[in-house]
Amino acid sequence: MEKKVTLARAAELAGKSLSDFIDYLSDCGIAWMEYTEEDRRLDDQTISRLLAEEGEKDA
């Protein structure tokens, strides 16, 4: 109804691979995803925790 498509479908419609389509959108200044500061903070916490757990395994 809202005429929305997935990123993968949009790439297919454009005749491009997904990675080429993402590059094209970036070159045109079009955001293709939302990644907030909160997302980054949570990702950083997860990475730190996983690295600490990996370090514990090696010890």
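Small disclaimer: the values here were computed from a predicted structure and weren't measured. By convention here, the first residue in the shown sequence is residue 1.
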A.B. asks: I need the I22 CD1 to I30 CD1 distance, nearest 0.5 Å.
C.D. replies: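 One finds 12.5 Å between CD1 of I22 and CD1 of I30.
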
A.B. asks: Starting at CG of L13, measure out to CZ of F21 and round the result to the nearest 0.5 Å.
C.D. replies: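 Separation between the atoms: 8.5 Å.
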
A.B. asks: Can you run down the salt bridge (charged side-chain N to carboxylate O under 4.0 Å, His left out) pairs that involve residues 11-24, sequence neighbours left out, and say none if there aren't any?
C.D. replies: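 Checked against salt bridge (charged side-chain N to carboxylate O under 4.0 Å, His left out) - neighbours excluded - the pairs reaching residues 11-24 are R9-E12.
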
A.B. asks: Has the side chain of D43 got a donor or acceptor atom that lies under 3.5 Å from a matching backbone atom of R40?
C.D. replies: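 No, D43 side chain to R40 backbone: no donor-acceptor pair under 3.5 Å.
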
A.B. asks: Considering only NZ, NE, NH1 and NH2 on the basic side and carboxylate oxygens on the acidic side, decide whether E53 and K57 come within less than 4.0 Å.
C.D. replies: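 No.
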
A.B. asks: Which residues pass the salt bridge (Lys or Arg N to Asp or Glu O under 4.0 Å) test with E34, not counting sequence neighbours?
C.D. replies: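 Expected list: none.
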
A.B. asks: Which heavy-atom pair separates S17 from A11 by the least distance, and what is that distance?
C.D. replies: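 In terms of heavy atoms, the two residues are closest at O-CB, 4.0 Å.
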
A.B. asks: Sort out for me which residue in M33, E37, E38 forms a side-chain contact (heavy atoms from CB on, under 4.5 Å) with Y35.
C.D. replies: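 One option only clears the test, and that one is M33.
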
